[in-house]
> 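The structure's right below; bear with me while I get my questions together.
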Amino acid sequence: MSWSSFYHTASRVFHEHPSWSKSLVVCTIISGGGLAAYGDTISAYSDSGDQFPKKKVVVLGTGWAGTSFVKSMKNSSYDIHVVSPRNYFAFTPLLPSVTCGTVEARSIVEPIRNISRKSGLDVQFSEAECYKIDPKNNKVYCRATHDKKFGGTEEFSLDYDYLVIAMGARSNTFNTPGVEEHAYFLKEVEDAKRIRHKVINLFERASLPSVPVEEKKKLLSFVIVGGGPTGVEFAAELHDFVHEDLSKLYPSLKDHVKITLLEAGDHILNMFDKRITEFAEGKFKRDGIDVKLGSMVVKVGEKEISSKERGSGEVVTLPHGMVVWSTGIGARPEVVDFMKQLGQINRRALVTDEWLRVEGCDNVYALGDCATINQRKVMEDIAVIFSKADEDNSGMLDLKEFQNVVGDIVERYPQVDIYLKSQMKDMASLLSKSQESPTTIVDIEYFKQALSKVDSQMKNLPATAQVAAQQGAYLADCFNRMELCERYPEGPLRFRGTGRHRFHAFRYKHFGQFAPLGGEQTAAQLPGDWVSIGHSSQWLWYSVYASKLVSWRTRALVISDWGRRFIFGRDSSQI
């Protein structure tokens with residue numbers, strides 16, 4: 001064995017297992033022959049020709065979850081192959097800004113090969129779409145996307161040891177007639193570019209002298225369906241674009257523009273604090289944006305959109321020049337087909353456990369918008385929880401025994417932690433039969449009663465970039481330490497088995513959310529019930545989004561775009 005190969009081997013072991021390396025140094029000092037013996041062992045192992053083959057990891061998707069996973073991978077013992085129809089990562093929170101030229105499309109994208117190169121690992125990438133997953137044979141079947149442009153079809157398959165599905169989701173049309181044919185979506189960079197092109201086209205057509213006034217009003221009637229963050233932000237961006245820039249270029253058309261926001265619920269931004277919702281609705285009313293609440297779209301035509309008013313049941317028809325559809329997400333066809341193979345019927349997304357592993361597949365993981373975590377209910381496992389906590393098998397549980405396992409219970413069932421924080425002063429309160437008996441001994445029937453309301457605290461994670469990015473980083477950390485955690489599990493107790501789970505379960509940490517409302521005003525809701533609305537929050541939004549961009553190149557481009565817009569306004573040229 002050469003000294004060079006020994007050095008590289010020792011270096012890798014030192015970085016991967018620092019605690020073992022320190023022990024080796026101590027043993028070497030105590031016994032001068034320790035290092036030589038260690039070297040002979042490695043040499044014998046290498047000379048024998050036995051080497052661990054690298055595990056093959058296939059990653060489907062270059063969105064928030066897939067990119068975060070690739071960026072966070074540090075372990076070189078995996079062969080990573082990324083497959084996606086897009087060879088870039090897009091900073092999707094800025095898509096509404098792209099639709100109106102506040103930010104250019106190329107400013108928010110970063111080539112995935114740049115990202116993987118900076119990780120220091122040998123990551124392969126194929127620009128293709130996965131059209132079939134075969135979990136029985138550990139294969140994915142792919143089709144090159146660029147071949148559509150050249151008239152050919154190039155298909156290939158990839159074997160995997162581990163599969164990471166991070167394919168995102170598509171816009172959910174709820175099978176509403178005409179949506180696919182006549183509405184515009186806002187999920188991808190190409191969607192934002194199409195919307196920008198359409199807006200300018202409508203203004204150019206409406207400016208023709210031969211177009212009558214009534215036709216101008218129809219052409220410049222913009223309808224946004226969906227009062228969530230994307231729909232609200234696009235409505236605000238479009239309003240600013242019209243009144244700050246296009247009104248100067250098309251002064252005769254300013255009074256013909258109408259922006260309508262249709263929301264089927266009682267309020268827009270219903271996932272935000274009530275104070276933000278009320279402010280947003282009031283601001284839109286002052287800005288002239290017509291917000292119609294309780295309006296469910298039943299049909300989208302080429303020039304008209306029909307909605308049913310919930311209060312009266314009346315069907316109202318509005319003329320439109322463009323409809324932007326932003327009403328939620330649904331599973332992609334490839335994911336739906338995979339779900340059918342697994343027997344996951346009537347689900348909106350792939351079902352995983354708390355470790356992001358797809359139920360029914362030990363070596364397949366799903367992250368981001370294409371997946372949902374199936375959090376186990378406490379009442380389903382109440383008997384085994386009680387049995388595991390009852391260390392002396394007395395059939396009774398005292399406070400000390402409960403406290404010994406409460407950490408594992410809280411980690412395995414996060415709804416317990418939420419319930420304790422919202423309903424109880426401390427852990428003892430959960431088992432106390434009365435305030436006069438702080439130390440209690442309870443049987444399983446009382447234990448069931450005490451935890452009977454815990455599962456009502458269960459909530460699904462939102463389909464946001466923040467969740468997807470955290471899931472990607474979490475799974476990469478698990479892969480980086482998989483060998484170590486196989487030997488030394490760190491997760492919670494296995495209530496339905498022996499020992500512990502290999503890893504801590506995934507836990508989402510919410511860092512707040514923003515809702516830009518136009519006019520250089522933004523609503524911010526941060527942890528701790530902290531709400532801020534106004535111009536100061538807009539600067540906070542600028543700072544946070546600039547810091548979250550994936551590279552210094554994109555940061556420089558986006559910040560320069562913001563500066564250009566402040567000085568020169570938005571660009572309305574057609575290229």
Side-chain angles (χ1 to χ4, degrees), residues 91 93-108 184 186 189-209 211 213 215-224 229-261 280 283-291 320-324 326 514-523 534-535 537-539 541-542 545-546 556-575:
F91 192 81
L94 286 177
L95 283 180
S97 298
V98 175
T99 61
C100 298
T102 304
V103 171
E104 293 298 324
R106 286 198 172 274
S107 299
I108 68 167
Y184 288 75
L186 191 48
V189 173
E190 291 300 322
D191 295 335
K193 293 167 68 176
R194 278 192 292 267
I195 290 174
R196 181 177 179 179
H197 186 77
K198 179 68 173 179
V199 170
I200 302 302
N201 270 347
L202 289 171
F203 271 86
E204 288 295 346
R205 183 178 174 187
S207 67
L208 296 175
V211 177
V213 173
E215 182 65 16
K216 293 179 189 288
K217 291 181 179 179
K218 291 179 181 179
L219 290 172
L220 300 179
S221 176
F222 301 93
V223 180
I224 299 103
T230 301
V232 167
E233 185 172 351
F234 172 68
E237 280 280 355
L238 181 60
H239 173 271
D240 287 355
F241 188 30
V242 169
H243 290 271
E244 295 176 4
D245 300 283
L246 296 182
S247 62
K248 300 174 184 177
L249 303 176
Y250 309 88
S252 62
L253 300 180
K254 178 181 178 181
D255 295 334
H256 300 323
V257 178
K258 184 177 182 180
I259 302 173
T260 304
L261 180 62
K283 184 180 187 303
F284 275 14
K285 184 177 181 179
R286 294 189 299 272
D287 289 343
I289 299 174
D290 187 12
V291 178
H320 73 80
M322 182 177 71
V323 172
V324 175
S326 177
F514 292 95
L517 303 174
E520 291 299 307
Q521 295 190 65
T522 290
H535 298 286
S537 299
Q538 178 72 25
W539 287 101
W541 179 85
Y542 284 136
Y545 275 31
L557 289 174
V558 168
I559 292 172
S560 66
D561 285 345
W562 286 336
R564 170 190 52 77
R565 196 269 297 178
F566 272 114
I567 300 171
F568 303 108
R570 299 169 180 85
D571 183 17
S572 61
S573 57
Q574 293 273 42
I575 300 177

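Just the heavy atoms: all of them, side chains too, but no hydrogens, waters or symmetry mates, feed the values below.
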> When you measure from the side chain of Lys216 to the backbone N and O of His256, does any donor-acceptor pair fall under 3.5 Å?
no
> Would you give the length of the straight line joining atom NE2 of His239 to atom CG of Leu261, rounded to the nearest 0.5 angstrom?
13.0 Å
> Output the distance between atom OG1 (Thr99) and atom CG (Leu186), rounded to the nearest 0.5 Å.
6.5 Å
> Which residues pass the side-chain contact (heavy atoms from CB on, under 4.5 Å) test with Ser537, not counting sequence neighbours?
Thr522, Ala524, Ser532
> Is the shortest side-chain heavy-atom distance between Cys100 and Val199 below 4.5 Å?
no
> Count the heavy atoms belonging to other residues, nucleotides or ligands that lie under 6.0 Å from CZ of Phe568, then report whether that count exceeds 12.
no
> Under a 4.5 Å cut-off applied to non-hydrogen side-chain atoms, are Asn201 and Gln574 in contact?
yes
> Parallel, tilted or perpendicular for Phe566 and Trp539, by the 30°/60° rule?
parallel
> Mind checking the CG-CZ spacing from Leu253 to Arg205? Nearest 0.5 Å is all I need.
13.0 Å
> Does the side chain of Asp191 come within less than 4.5 Å of Tyr184's, by heavy atoms?
no
> What's the shortest heavy-atom distance between Arg564 and Gly101, and which atoms?
NH2-O, 3.4 Å
> Sequence neighbours excluded, which residues qualify as side-chain contact (heavy atoms from CB on, under 4.5 Å) partners of Ser107?
Val103, Glu104, Leu557, Val558, Asp561
> Mind listing the closest non-hydrogen atom pair of Ala206 and Val211 along with its distance?
O-CB, 4.5 Å
> What pair of heavy atoms forms the shortest contact from Ser326 to Gly231, and how long is it?
OG-N, 3.6 Å
> OG/Ser572 to OH/Tyr250 distance, rounded to the nearest 0.5 angstrom?
5.0 Å
> Fit a plane to each ring of Trp562 and Trp541, take the angle between them on a 0 to 90° scale, and name the class: parallel (under 30°), tilted (30 to 60°) or perpendicular (over 60°).
tilted
> Supply the atom-to-atom distance Leu238 CG to Ile289 CD1, rounded to the nearest 0.5 angstrom.
8.0 Å
> Roughly how far, to the nearest 0.5 Å, is the CD atom of Glu520 from the CG atom of Asp240?
7.5 Å
> Can you pull the salt bridge (Lys or Arg N to Asp or Glu O under 4.0 Å) pairs that have at least one residue in residues 245-261, sequence neighbours excluded?
Asp245-Arg570
> Do Ile224 and Val232 have side chains that approach each other closer than 4.5 Å (heavy atoms only, starting at C-beta)?
no
> For a quick test of reading the model, state the closest non-hydrogen atom pair linking Arg196 to Val98 and the distance between them.
CD-O, 3.6 Å
> I want to check something: taking the side chain as every heavy atom from C-beta on, are Val324 and Lys198 in contact at a cut-off of under 4.5 Å?
no
> If you draw a 6.0 Å radius around NZ in Lys283, do more than 12 non-hydrogen atoms from other residues or ligands fall strictly inside?
yes
> Is the shortest heavy-atom distance from the side chain of Thr230 to the side chain of Phe234 under 4.5 Å?
no
